[in-house]
Amino acid sequence: MEYNFAEIEPKWQKYWEENKTFKTFDDYSKPKYYILDMFPYPSGAGLHVGHPEGYTATDILSRYKRMKGFNVLHPIGYDAFGLPAEQYAMQTGTHPAITTQKNCDNFRRQIKAIGLSYDWDREINTTDPKYFKWTQWIFKQLYNTWYDNDMKKGRPISELPIPEEVKAEGAEAVNKYMGEKRLAYYDNAQVWWCDSCKTVCANEEVLTDGAHEKCGHQVTRKNLKQWLLRIPHYGERLLEGLDDLDWPAGVKDMQRNWIGKSSGAEVDFEIDGLGKKLRVYTTRPDTLFGATYMVIAPEHDLINEIVTADKKETVANYIKASALKSDLDRTDLAKEKTGVFTGRFAINPVNKQQIPIWVADYVLMGYGTGAIMAVPAHDTRDFEFAKEFEIPVICILDPKEVEKRKEILAGNICWTEDGEYINSASTETGFDINGLNKSEGIKKTVEWLESKEIGKATINFKLRDWLFSRQRYWGEPFPVIHWEDGEVTLVEDDDLPLPLPNLEQYTPGESGESPLSNAEDWLIVTDKNGRKGRRETNTMPQWAGSCWYYLRYIDPNNTESIFDVKKEQYWMPVDLYVGGAEHAVLHLLYSRFWHKVLFDLGIVSTGEPFQKLFNQGMILAFAYETATGAKVASDLVVEKDGKYSHAETGEELKQIVAKMSKSLKNVVNPDDVINKFGADSLRLYEMFMGPLDERKPWAENGVKGVFNFLGRAYRFFSEPENIVEGSEDKEVAKLLHQTIKKVEFDIEHLKFNTGISALMVFNNLVIKKGKVTKETAEIFAQILAPFAPHVGEELWSVYGNDKTLSYEPWPLVDESLLQENTFEYPVSFNGKMRFLLELPIEMQKNEVEKAVLADERAQRWLEGKTVRKFILVPKRIINVVIG
RNA sequence: GCGGGCGUGGCGGAAUUGGUAGACGUGCUAGACUUAGGAUCUAGUGCCUUAUGGCGUGGGGGUUCGAGUCCCUUCGCCCGUACCA
């Protein structure tokens with residue numbers, strides 16, 4: 001029978017839908033497997049071929065695990081809050097909910113057309129009030145939690161010990177104190193503002209060149225009242241938690257980097273003639289003797305006191321210049337260090353020497369104390385600065401056996417590695433670390449500083465408070481009311497969800513006010529005592545909904561609580577999470593943070609949400625460029641004899657690999673692929689292209705290749721004449737069981753490309769043989785089904801089975817068929833393979849040697865040579881060393 | 001700079017983790033069947049050579065009976081990050 005995918009595929013998709021084949025039940029008697037895709041943002045453009053890559057991979061694994069007897073949770077939903085729908089609303093007046101609904105419908109249609117085995121009864125949508133009710137509820141939990149540093153966990157704010165002196169000041173002071181401890185807080189924040197999007201953005205959303213990640217416009221600084229989350233409190237926990245996760249090393253490293261833990265010390269320097277102290281943070285307290293100047297950030301609090309009268313103007317000018325600079329392109333200017341002397345000196349606590357205090361913008365106010373001691377001899381940044389301004393460089397760490405030791409000792413080269421201290425003793429203070437190495441030096445110095453109460457060991461994180469509000473309409477409203485008397489209260493649980501009001505106008509206010517400030521009826525509230533209040537007009541960022549969606553899939557329709565406790569305990573953690581590497585830091589770090597807070601509060605049962613993470617590689621496309629590197633749109637390219645040329649100019653073009661883009665006209669739409677080759681071919685090709693985690697270019701010829709395979713397989717296995725009675729051909733039976741084993745191994749290890757290849761090899765053999773038994777044919781249908789489920793189901797039904805094969809037990813490998821008595825050895829002479837020789841596996845080495853040397857094909861290599869050594873690796877190779 | 005990854009036929013990629021390099025697919029060549037085919041089937045296909053043979057996994061060196069795989073060195077590409085003291 002011809003392979004008519006256009007008939008087969010809709011038929012089975014309808015069957016699965018009508019029979020709810022993939023509905024998941026909470027059957028606690030079965031082992032569970034929770035396999036999660038990063039849910040999509042439903043854009044108006046629909047699915048691109050990148051989406052089905054991850055989705056097909058998880059679908060294959062899900063189908064396989066079901067056949068292996070697992071209770072599989074494999075859900076999908078939509079991360080549907082976001083800017084595009086809101087911008088469309090501004091232009092057309094269409095409510096974002098309508099646009100969103102339309103886009104979700106389209107995504108659902110496309111996803112279903114791929115034959116993915118999701119449980120559609122668990123579909124979620126972050127914009128659904130039934131969903132964001134619980135997003136708001138989690139926000140309340142964050143607000144009502146503080147981090148107990150001693151217990152190293154988050155605790156209810158009601159358990160926060162209030163110091164007596166605060167209590168004594170009254171209720172307002174107590175509230176303020178609690179506010180300083182809550183994980184969510186409302187405060188004036190210096191924020192990045194995108195004037196194009198009319199919203200603030202998180203630090204993480206600003207690219208290094210100062211452009212907004214979403215739209216590319218330059219961002220500026222603005223001071224606004226904002227909601228922030230104290231994620232740095234969980235820095236240590238987020239760091240530790242990474243150790244036991246089965247995640248790509250690169251992602252773990254990126255998170256570690258982002259958290260940026262460093263340990264060092266805070267040290268107080270007397271400021272000469274001011275009677276005040278300048279506190280610095282350093283990871284190298286051991287190099288105090290090498291400090292030849294200090295630097296404070298331009299934004300430092302003490303700057304006006306420190307600067308002397310004669311330097312006031314210079315310093316003021318510098319501060320002004322650097323303020324401008326940080327808003328423009330800081331990175332370009334970062335190449336040359338700038339700074340000015342403040343006119344004042346600090347006293348080095350280890351030797352009482354005076355060192356000048358400079359102000360320079362290479363020191364950032366947001367990290368450590370915003371002030372540093374500079375040790376040019378042993379820090380490359382300080383070294384560059386010192387060279388620029390001719391500040392002395394004093395080497396205090398002898399590198400010993402190093403080529404350029406003399407230069408280093410003379411202070412001409414910076415040395416940041418270990419060594420032995422020199423010039424590191426003072427008669428003035430009696431402190432001495434000469435002769436020690438780096439780790440000893442750090443330890444001794446910190447002890448000395450602590451004993452003198454001029455410094456203490458300190459841990460620092462790069463991670464900053466997370467800016468958690470946006471001046472948007474299309475996001476979760478905060479369940480918060482600001483009362484006219486200054487009190488802030490949260491909406492009662494019973495009154496959640498707090499829905500979005502309907503608006504006429506979606507345009508945000510110029511001053512950084514969200515469009516919600518126009519919704520008078522919604523905005524103004526009055527309590528039972530007549531007190532007036534105003535609802536929070538900011539909304540939550542898009543991250544909010546995606547921070548916890550994996551939890552809602554567990555119990556998506558629960559109206560009483562966020563989810564059922566038992567169900568959560570059964571399903572969590574997510575066993576495999578597949579998605580793009582672009583979420584390596586933000587989404588995955590935020591999610592882990594929320595999860596840990598929920599864990600501390602006893603709401604979830606696992607310390608981490610995602611046990612195993614896998615990043616699929618990006619799908620690229622071929623593109624064409626001229627000799628000068630100018631890109632040519634694909635519809636202007638003609639191919640002839642493997643060469644490419646420009647359709648109009650005839651100029652020869654080079655084929656390159658690039659991201660799919662509209663301008664290059666090389667975007668592949670999955671709908672088109674399905675129309676032309678069918679969903680099974682789309683799935684198979686996505687997986688056959690190469691390793692799942694690598695980036696790889698789309699090639700239509702490749703789709704044709706897998707389509708040919710499916711056609712050949714379908715035509716052969718659906719032909720009754722090819723399916724015979726009796727016992728299976730030995731060669732076929734053996735390869736069949738090798739194939740089951742290989743496919744099983746490859747699915748478990750997400751190596752789908754080689755698994756498919758094994759199926760092709762088997763298919764090629766049986767076609768050559770011309771016939772198979774029904775048993776073999778059924779097994780083939782079963783092991784093909786996870787990859788190409790429509791063909792799998794169709795063949796299965798052809799053999800007289802009347803229900804889905806989705807829950808048929810995965811075929812068992814008959815190991816006895818794989819046993820070998822002989823092995824066809826490649827025989828090498830001096831490492832070069834010369835011929836094959838079949839020998840019994842059990843044969844002793846000396847017997848093997850005899851047999852090999854006696855073989856007539858061996859004679860020509862042995863002629864005039866002696867055998868020096870005979871290597872036999874059982875079931876692998878024979879190597880004869882001659883000479 | 002730093003961190004992570006990669007480099008194998010014309011192309012996408014295999015290689016059981018130190019054991020026959022190039023599985024599988026595509027492309028190409030030849031043939032069969034066809035009114036025709038961008039359908040289907042068969043055979044061949046890393047490079048050089050007349051076969052025997054020689055050379056081949058970015059380059060150079062090393063360890064080993066044996067290296068795509070391990071070590072040293074060097075070149076190139078991709079991703080992330082960026083004065084975090």
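Below, chain A is the first sequence line, B the second, and so on; all start at residue 1. The structure displayed is predicted, hence computed values, not measured ones.
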Listed partners of Thr380(A) passing side-chain contact (heavy atoms from CB on, under 4.5 Å), at least two apart: Cys414(A), Thr416(A)

Residue list, side chain to side chain donor-acceptor pair (under 3.5 Å) with [X], at least two apart or on another chain:
X         : answer
Asn675(A) : none
Thr866(A) : none
Glu7(A)   : Asn4(A)

Could you state the interatomic distance from CZ (Arg712(A)) to CG (Asn763(A)), rounded to the nearest 0.5 Å? 6.0 Å

How would you list all residue pairs meeting side chain to side chain donor-acceptor pair (under 3.5 Å) that involve residues 284-296 of chain A, not counting sequence neighbours? Arg284(A)-Asp286(A), Asp286(A)-Tyr421(A), Tyr293(A)-Tyr362(A)

Minimum-distance nucleotide to Asp361(A) side chain [options: C24(B), C83(B), G53(B)]: C83(B)

Selection residues 741-750 of chain A - residue pairs positive for salt bridge (charged side-chain N to carboxylate O under 4.0 Å, His left out), sequence neighbours left out: Lys65(A)-Glu748(A), Lys68(A)-Glu744(A), Lys741(A)-Glu815(A), Lys742(A)-Asp746(A)

If the condition is salt bridge (Lys or Arg N to Asp or Glu O under 4.0 Å), which residues does Asp693(A) pass it with, not counting sequence neighbours? none

Partners of Lys769(A) by salt bridge (Lys or Arg N to Asp or Glu O under 4.0 Å), sequence neighbours excluded? Asp729(A), Glu731(A)

Enumerate the protein-to-nucleotides 38-41 of chain B contacts in which both atoms are nitrogen or oxygen and the separation is below 3.5 Å.
| residue | atom | partner | partner atom | Å |
| --- | --- | --- | --- | --- |
| U40(B) | OP1 | Asn708(A) | OD1 | 3.3 |
| C41(B) | OP1 | Arg712(A) | NH1 | 3.1 |

With P as the reference atom in both, quote the distance from A67(B) to G19(B) in angstrom, rounded to an integer. 11 Å

Please enumerate all protein N or O atoms sitting under 3.5 Å from an N or O of nucleotides 47-50 of chain B, with distances to 0.1 Å.
none

Using the 3.5 Å cut-off, write out each protein N or O paired with an N or O of nucleotides 61-63 of chain B and the distance between them.
none

Dump every N/O contact between nucleotides 7-12 of chain B and the protein below 3.5 Å, one line per pair.
| residue | atom | partner | partner atom | Å |
| --- | --- | --- | --- | --- |
| G12(B) | O2' | Met689(A) | O | 2.7 |

